[in-house]
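Written out below as structure tokens is the structure these notes cover.
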Amino acid sequence: MKLLNRVLEAALEDAIQAAQESGELPSFAIPRIPVSAPKRASQGDLSYPAMGLAKLARKRPLDIANLIVGNMQELDFACEIKVAPPGFINCTIADEFLKQQVDAMIDEGDALFRLDMGCGKRAQVEFVSANPSGPITIGHTRGAVVGDAMARLLEAAGYEVQREYYYNNAGAQMVKLGKSLMLRYRQQLGDDVQLPADYYQGEYLIDAAADLVAEHGDSLRSASWERFKGAAESRMFDWIKRSLASIDIKHDAFYNETSLFDSGKIWDVLDTMRENGHIYQATHWEGAREDEISDVTAKGYQPATWFRSTSFGDEKDRVMVKSDGKPTYTLPDIAYHCDKLKRGFDIAVNVLGTDHFSQAQVVKYGIRALGMDPDPIHVIFNQMVRAVRWNEERGEHEAVKQSKRAGDFDTLDDLVAMTSADAVRYHMLARSPNSQLDFDVDQVVKQSNENPVYYIQNAYVRCAGIFREAEERGFDDAGADLKHLGEDELKFIRKALELGNVIEQAVINYEPHKVAFFAHELAAVFHPIYDRARVLHSEVPIDTAKARLRFYRAAAVVFRRLLRLMGMSAPERM
RNA sequence: GCCUCUGUAGCUCAGUGGACAGAGCACCGGUCUUCUAAACCGUUGGUCGCAGGUUCGAGUCCUGCCAGGGGCGCCA
């Protein structure tokens, strides 16, 4: 289906050009002024502020608007185009056209509003990317939900999408995890060993150790920590994948940072940066202050390998290879993104927490130092997530302490267990990534009308209920004549047509949360109509009933599409 | 100190430089013998943190200030 505002924009541009050619308007480059839906229904369905042309055309906005309208060709979907002060051009969509959209929506089904903006293009979304040293936490969950929704939106926009999970199993944390499991294993065997305080204390390692005993007995007593690290890692990944699958998230590719070392890619990248003149050896960076230099001297550092990132706007240069010969985190990160770009993605979205802000900047500088264009890379930064609950005494929300104690909300599994997969997905998505998210545990747990999740799903459920009842009564919509639809139903179709724009805007601006808000708005349009526009009611004439049944089929298609875009289920019953 | 995000109704939050700033929750009052009342109808609620500036037009852009979150290591 076409995006009506885009069609109207094109028609307006043609009209302006026509007016310029006839001399009614002076010649100027036509700026892109977006057509949008006005707030009030009385102002039509699509609106164009011609005031934006006043300066260029050196005429009164109202006159300009009238000139443009006078030069417009007829549009198949518009019944009325009016000019309103101070210079708006308002377009009303024809009822006849709206009625046609009912069948058009049903025909498109689950591909409703699939756009062609990504046609023939490939996109990648990298998200979650938690190292396999523990379960998926609440913080990871936000990235998971936002990333997967972004992937679904890119698919809806026509892109071929790959979901990637980048991880590092070679760091000190993983060593600690392996050793933690080793000690837990020995404890299971009855050995008197203590777990150091900075080791992984989680109960899941006790369970893992018990399983190892059940499987291998005491045969691993003298096995190396590497053996345990491998066991812990595979167990963690199983857990992580299971947790993500519980909210309908599945990655296509798992990319191990270690492979960048094995293939030598990180050194190739460093060589290229050096050839391009952005690398130098020194004990301290070139712009270091006196106190920094003396600090470094005091520590007795040997020369390290520095990236002159300040050439690209960084505030200080960054170490690529430490004086002990080991790369910092930054070098493989640059190599990874370089590899990503070489794999030919037109868009590479990366969902990160804001704690990675500086790191992501340096990676972009690194990409430019390689002589590559970082433009396809776009990072969505999520602000922090807190689980909060209402404190009655103090009359305010307060953070839930995230501990391992039962009853606290620490992991994705906990959240799902306390609420539902759908609730987790909706609440994590329905917030701008720029704002800190307070996950109100009490509200999400409530399965009541306070919870927008059910409000939206109930719209689909109500449609499904009608279809069930109709089938039982042997009633169908064959031969339905949509002229029997009323204002209410058309109002819904009008709103539903905005979905295409919502998808487009969400993709262009990398703002998947917009879909969540739209879903709620659409449900708010639906429910009152459901109450008024009954289908299987003794007083509803049969022609009207058929038309309405057809209408609810379209509504169900729209809600199903929306719920799936958010990764939520579309239940037939609740 | 520098960077960055946030500040909008009692609470949680939307809001492409456009028209009279919106939802949900909470509060108050109504609505089920007819497809799910997890719904609907009605009422209440605002100095868009503060001060300037740009603009025909600013919650939105710019500058400064105030308050809060996060980030700034030869850590991973």
Side-chain angles (χ1 to χ4, degrees), chain A residues 33-34 36 38-40 42-43 47-49 51-52 54-55 60-61 84-88 90 131 133 168 170-174 283-285 296 299 301-306 315-316 318-324 326 328-329 353-359 361 381 383-384 386 388 390 395-397 430-438 440 443 446-455 457-459 461-470 472-473 475 501 505 508-509 513-514 516-517 520-521 523-524 526-532 534-540 545 548-549 552 573-574:
Chain A
I33 301 175
S36 58
K39 284 174 192 157
R40 273 156 248 285
S42 61
Q43 295 161 343
S47 180
Y48 177 86
M51 295 85 86
K55 193 161 272 181
R60 288 174 49 222
F88 290 101
N90 293 332
N131 288 340
S133 58
N168 170 17
Q173 293 308 312
M174 291 302 294
T283 53
H284 53 82
W285 75 285
V296 164
K299 286 179 181 167
Y301 283 136
Q302 295 300 303
T305 306
W306 292 81
E315 56 187 7
K316 60 172 292 187
R318 309 284 169 172
V319 172
M320 293 290 105
V321 184
K322 295 183 275 184
S323 49
D324 64 4
K326 287 180 184 161
T328 59
Y329 202 68
T354 47
D355 50 335
H356 290 83
F357 184 82
S358 305
Q359 179 71 12
Q361 286 299 113
F381 289 107
Q383 297 287 327
M384 254 193 0
R386 294 190 307 166
V388 300
W390 183 256
E396 62 184 23
H397 282 97
R431 202 128 313 182
S432 159
N434 281 338
S435 63
Q436 189 174 317
L437 193 156
D438 284 341
D440 187 330
Q443 196 196 327
K446 277 186 205 167
Q447 308 220 344
S448 70
N449 57 354
E450 293 169 39
N451 202 326
V453 174
Y454 304 102
Y455 188 76
Q457 285 181 323
N458 193 29
V461 168
R462 286 176 131 183
C463 292
I466 298 174
F467 307 150
R468 263 200 311 276
E469 184 65 22
E472 260 173 45
R473 299 192 194 180
F475 184 78
N501 298 106
Q505 289 303 311
I508 289 175
N509 300 317
H513 70 279
K514 296 202 164 179
F517 285 96
H520 194 274
E521 284 171 22
F526 175 86
H527 286 301
I529 294 171
Y530 173 89
D531 273 357
R532 291 191 292 260
R534 314 289 282 187
V535 177
L536 307 166
H537 188 288
S538 51
E539 286 171 24
V540 175
R548 286 179 178 175
L549 184 55
Y552 282 111
R573 297 169 196 269
M574 288 200 304

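Letters A, B, ... are given to chains in the order of the sequence lines, protein chains preceding strands, and every chain is numbered from 1.
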Nearest to the side chain of [X], heavy atoms from C-beta on, is which of [options]?
X	options	result
H527(A)	A76(B), C40(B), C35(B)	C40(B)
S358(A)	C74(B), G70(B), G71(B)	G71(B)
H520(A)	A23(B), A39(B), A38(B)	A23(B)
Y454(A)	C74(B), A38(B), A39(B)	A38(B)
Q383(A)	C74(B), G69(B), A19(B)	G69(B)
F88(A)	U4(B), A19(B), A76(B)	A19(B)

Roughly how many Å apart are [M] and [N], using the [atom1] atom of each and rounding to a whole number?
N	M	atom1	answer
A23(B)	U63(B)	C1'	33 Å
C2(B)	G57(B)	P	33 Å
G71(B)	G10(B)	C1'	33 Å
A9(B)	G1(B)	P	29 Å
A19(B)	A26(B)	P	30 Å
G42(B)	U8(B)	C1'	25 Å
C13(B)	C72(B)	C1'	30 Å

I'd like to know if [X] reaches the base of [N] with its side chain such that a donor and an acceptor end up less than 3.5 angstrom apart.
X	N	value
S323(A)	C74(B)	yes
T328(A)	A76(B)	no
N90(A)	A19(B)	yes

For [X], report the nucleic acid contact type (base, sugar-phosphate, nothing); a contact means any heavy atom under 4.0 Å.
X	result
N168(A)	sugar-phosphate
R573(A)	base
K316(A)	sugar-phosphate
P528(A)	sugar-phosphate
E315(A)	sugar-phosphate
M51(A)	base
G52(A)	base
A304(A)	base
K55(A)	sugar-phosphate
Q302(A)	base

Extract from the structure each pairing of a protein N or O with an N or O of nucleotides 13-17 of chain B at less than 3.5 Å, listing the distance.
residue, atom, partner, partner atom, Å
C13(B), O5', R431(A), NH1, 3.2
A14(B), OP1, S432(A), N, 2.7
A14(B), OP1, S435(A), OG, 3.0
G15(B), OP1, H513(A), NE2, 3.1

Nearest-Å distance for atom pair [atom1]/[atom2], residues [X] and [N]:
X	N	atom1	atom2	answer
Y455(A)	C25(B)	OH	P	8 Å
D355(A)	C75(B)	CG	P	18 Å
I529(A)	C35(B)	CD1	C1'	16 Å
F526(A)	A37(B)	CZ	P	11 Å
M320(A)	A76(B)	CE	P	12 Å
F357(A)	G71(B)	CZ	P	13 Å
D531(A)	A38(B)	CG	C1'	13 Å
Q457(A)	U36(B)	CD	P	17 Å

Whether [X] contacts [N] is assessed here as follows: a side-chain N or O lying under 4.0 Å from the phosphate OP1 or OP2. Is that the case?
X	N	result
Y530(A)	A38(B)	no
R462(A)	A37(B)	yes
N458(A)	U36(B)	no
R40(A)	G22(B)	yes
R534(A)	C35(B)	yes

Does [X] use its side chain to pair, donor to acceptor, with the backbone of [Y] at less than 3.5 Å?
X	Y	value
R318(A)	W306(A)	no
T354(A)	Q383(A)	no
N168(A)	A170(A)	yes
N458(A)	Y454(A)	no

Seminar exercise, completed: d(E472(A) CD, F467(A) CZ) to nearest 0.5 Å is 14.5 Å

Problem set entry | Between F381(A) and F357(A), ring centroids under 6.0 Å | yes

Problem set entry | Ring centers of Y301(A), H284(A) separated by less than 6.0 Å | no

Problem set entry | Syn/anti state of C11(B) by chi, 90° boundary around 0 | anti

Exercise. For C28(B), does the glycosidic angle fall within 90° of 0 (syn) or outside that (anti)?
Worked result: anti

Closest non-hydrogen atom pair between [X] and [Y], with its separation:
X	Y	result
Q436(A)	M384(A)	CG-O, 3.5 Å
T283(A)	Q302(A)	CG2-C, 4.0 Å
L549(A)	A470(A)	CD2-CB, 4.3 Å

For this session: Quick one: stems involving RNA chain B, counted as three or more successive Watson-Crick or G-U pairs, both distances short of 3.5 Å.
Result: B:1-7 with B:66-72, B:10-13 with B:22-25, B:28-31 with B:39-42, B:49-53 with B:61-65

For this session: Start with the C-alpha gap between H513(A) and R431(A), add the side-chain angles, then the distance that decides, and say whether side-chain contact (heavy atoms from CB on, under 4.5 Å) holds.
Result: CA-CA 6 Å; H513(A) 70 279; R431(A) 202 128 313 182; 5.8 Å; no

Seminar exercise, completed: Comparing H356(A) with S42(A), nearest RNA chain B nucleotide closer to 5' gives the residue S42(A)

Seminar exercise, completed: Per nearest nucleotide of RNA chain B, the residue lying toward the 5' end, N131(A) or A523(A), is A523(A)

Exercise. Is the number of heavy atoms from other residues, nucleotides or ligands under 6.0 Å of E469(A) CD greater than 12?
Worked result: yes

Exercise. Taking atom types as modelled and ignoring hydrogens, do the side chains of Q505(A) and N501(A) form a donor-acceptor contact shorter than 3.5 angstrom?
Worked result: no

Exercise. Looking at side-chain heavy atoms only, is the closest gap between V535(A) and Y530(A) below 4.5 Å?
Worked result: no

